[in-house]
Number of protein chains: 2
Amino acid sequence: MKTLRVPEATVSRLSIYSRFLERLDKNGITTVSSGEIADGVGVSPAQVRKDLAYFGDFGTRGVGYNVKDLLKYTLKILGLDQEWPLAIVGAGNLGFALCTNRSLSIRGFRIAGVFDNNSTRVGKRIGNLEIKPLAQFPEIVKKENIRIGVIAVHTSLAQEVADIMVKSGMQAILNFSPATINVPDGIEIRNVDLSIKLELITFNLGLRTAQNL
Amino acid sequence: MKTLRVPEATVSRLSIYSRFLERLDKNGITTVSSGEIADGVGVSPAQVRKDLAYFGDFGTRGVGYNVKDLLKYTLKILGLDQEWPLAIVGAGNLGFALCTNRSLSIRGFRIAGVFDNNSTRVGKRIGNLEIKPLAQFPEIVKKENIRIGVIAVHTSLAQEVADIMVKSGMQAILNFSPATINVPDGIEIRNVDLSIKLELITFNLGLRTAQNL
DNA sequence: ACAATTATTTGAAAATTATAACAAAAGTTA
DNA sequence: TAACTTTTGTTATAATTTTCAAATAATTGT
């Protein structure tokens, strides 16, 4: 099988294209050019074509891309032609926000379990989901066939939670804490860091004032 | 002034090094080598040295880096030797989570204003902060000297909120909605997308099953 | 004081990623 | 049908980023 390596940045942009296509489709637009996609999401047309070319010839020269088809392809490529159940550990404010976040559910993610060890939280409900004690994590993720775990606990507990996730057979972990998590090879770990982007901003604003721009 | 361009990836990693150093310092460790930093945060030692070298010669050959000093330098470089007041628009679950998030405050960010147009939310308090109507945004950010706006509203309102932020003189915007935001040149926009990383995961898990790894 | 060791600097090489240019294909018009 | 326009897919070029390797500096132990 020819599995040419795709840059991660390309996959991330594919997510963005995909959502843009969703919007076009919702607005009844049937055809779109690389240039229009580029304008819509803020990249160059060449980039759009190059990115899509990794996965196949989806367009028609002189015409552009069929919105519905390309949307279907991008979703398929991203693995979003199926529902992905998630297990969130940490039912604090962030965990709560994630559970109720619409942009996740729209894209095919379903919160299938929320866990916490804080006794004031366990037993309470978020939507129609009951917060379970962490001890039930292994059992529930097995029953629900969950492969992706989400860490939404405080930094100091993050590694511990990750270990439990690994032991319970999670194949991928999305970590919202600023901690650096260690996992065995073969397990995918991704971090969403709330302050890294802010620090990128302060770095740049700092430069700006330094140079009086 | 010699302002050699620093890769964005380098700045992001600097944030990570900086937090690692904070932890070392807290544990009373005074000296650290590039290899130890590398192990701690999951990059290569060469990468650590190269990244730090953009900003100066902080290390001593044969010894390594002084933790306290390097921490101070990294914070300074990132602009975190001062407090940054933030204005959050959107007091839903995500906005609430951001307001109460400790990892932001630890790094010198202070939520100086929370805004919403939902009348069920306006007037309520998050901690010791009162949720204000969006109409008061221009006035308050001026008074509080806020340069960074945070978008935590639903996708459909994101651009509108960004426009208000720009008009009110924000120099940078951190956008938590999956919308693509357009801002004039000179204004910095950064996106934190909750589902892009998840879709990167599903892409990779998809490949994995496709190849039976 | 000197060798041995450790670990940074520095600069070059390699790899990766993005940009630009262009030929090929499809549709359109005369 | 032939010329023209549009827009893709692809190849080539450029820029960026990471890795590697040699040179240098400080420390420790003998």
Side-chain angles (χ1 to χ4, degrees), chain A residues 2-17 20-21 24 29-74 77 196 200 203-204 207, chain B residues 2-17 20-21 24 29-71 73-74 77 196 200 203-204:
Chain A
K2 190 190 155 197
T3 316
L4 135 112
R5 231 189 62 68
V6 178
E8 221 163 78
T10 291
V11 180
S12 296
R13 283 190 297 265
L14 207 67
S15 290
I16 296 169
Y17 303 156
F20 180 67
L21 291 166
L24 293 182
I29 294 162
T30 57
T31 306
V32 69
S33 72
S34 59
E36 288 165 331
I37 297 176
D39 283 349
V41 307
V43 301
S44 75
Q47 182 94 79
V48 172
R49 291 199 295 275
K50 191 78 192 285
D51 284 338
L52 294 175
Y54 277 103
F55 304 101
D57 301 357
F58 303 120
T60 309
R61 294 171 197 229
V63 180
Y65 303 89
N66 179 287
V67 172
K68 264 197 200 315
D69 288 349
L70 188 57
L71 173 58
K72 203 165 58 188
Y73 288 132
T74 54
I77 292 163
I196 279 188
L200 211 47
F203 172 79
N204 286 326
L207 285 186
Chain B
K2 190 190 155 199
T3 316
L4 135 110
R5 231 188 62 66
V6 178
E8 220 163 79
T10 291
V11 180
S12 296
R13 282 190 298 264
L14 206 67
S15 289
I16 296 170
Y17 303 156
F20 180 68
L21 291 165
L24 293 183
I29 295 162
T30 56
T31 306
V32 68
S33 71
S34 58
E36 288 164 330
I37 297 177
D39 283 349
V41 306
V43 302
S44 74
Q47 181 95 79
V48 172
R49 291 196 295 269
K50 194 72 178 188
D51 285 338
L52 295 176
Y54 276 103
F55 304 101
D57 302 357
F58 303 120
T60 310
R61 299 171 195 223
V63 180
Y65 303 88
N66 178 286
V67 171
K68 266 199 199 313
D69 288 349
L70 189 56
L71 173 58
Y73 288 133
T74 54
I77 293 163
I196 278 188
L200 211 48
F203 172 80
N204 285 327

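In what follows, chains are A, B, ... by sequence order, proteins preceding strands, each numbered from 1.
- Along DNA chain C, the nucleotide nearest D51(A) and the nucleotide nearest T60(A) are compared for position; the residue whose nucleotide lies closer to the 5' end is D51(A).
- Rounding to the nearest 0.5 Å gives a distance of 6.5 Å between OG1 of T10(A) and CZ of F55(A).
- You can see that DNA chain C meets the heavy atoms of chain A within a 4.0 Å-exclusive cut from dT17(C) to dG27(C), reading 5' to 3'.
- For the pair L52(B)/Y65(B), a side-chain contact is recorded, criterion being any heavy-atom separation below 4.5 Å from C-beta on.
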(message) For Watson-Crick and G-U wobble pairs within 3.5 Å on both distances, what is DNA chain C written in dot-bracket notation, | included for inter-strand pairing?
(response) ||||||||||||||||||||||||||||||
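- Regarding contacts with the backbone of dT8(D), a side-chain N or O of S34(A) is found under 4.0 angstrom from either OP1 or OP2.
- Distance OG1/T74(B) to CD1/I77(B): 6.5 Å, rounded to 0.5 Å.
- Residue R61(A) has no polar side-chain atom (N or O) positioned under 4.0 Å from OP1 or OP2 of dT10(D).
- Between Y17(B) and V48(B) the shortest heavy-atom distance is OH-CA, 3.5 Å.
- For L52(A) and dT10(D), the CG to P distance is 12 Å, given to the nearest whole Å.
- The nearest pair of heavy atoms linking E36(A) to T31(A) is OE1-O, 4.2 Å.
- Listed here is the closest heavy atom pair of I196(B) and S12(A): CG2-OG, 3.8 Å.
- When rounded to the nearest whole Å, the span between NZ of K50(A) and C1' of dT11(D) equals 9 Å.
- OP1 or OP2 of dG9(D) has at least one side-chain nitrogen or oxygen of Y65(A) nearer than 4.0 Å.
- Residues L24(A) and F20(A) are in side-chain contact: their nearest non-hydrogen atoms beyond the backbone lie under 4.5 Å apart.
- Side-chain contact between F58(B) and D69(B): absent, with no pair of heavy atoms (C-beta onward) separated by less than 4.5 Å.
- Applying a 4.0 Å cut-off to non-hydrogen atoms, the residues of residues 35-49 of chain B that approach DNA chain C are R49(B), listed by residue number.
- When the C1' atom of dT8(D) is taken as reference, atom CG of L70(A) falls 13 Å away, rounded to whole Å.
- Of the residues D51(A), V67(A), L70(A), V43(A), the one that meets the side-chain contact (heavy atoms from CB on, under 4.5 Å) test with I37(A) is L70(A).
- The one candidate from R49(A), Q47(A), K50(A) that meets the side-chain hydrogen bond (donor to acceptor under 3.5 Å, both in side chains) condition with S34(A) is R49(A).
- Residues Y54(B) and V11(B) fail the side-chain proximity criterion, which asks for heavy atoms closer than 4.5 Å.
- Regarding E8(B), its CD atom lies at a distance of 12 Å from the P atom of dT18(D), rounded to whole Å.
- Comparing D57(A) and G62(A) by the nucleotide of DNA chain D that holds the closest heavy atom to each, the one mapping nearer the 5' end is G62(A).
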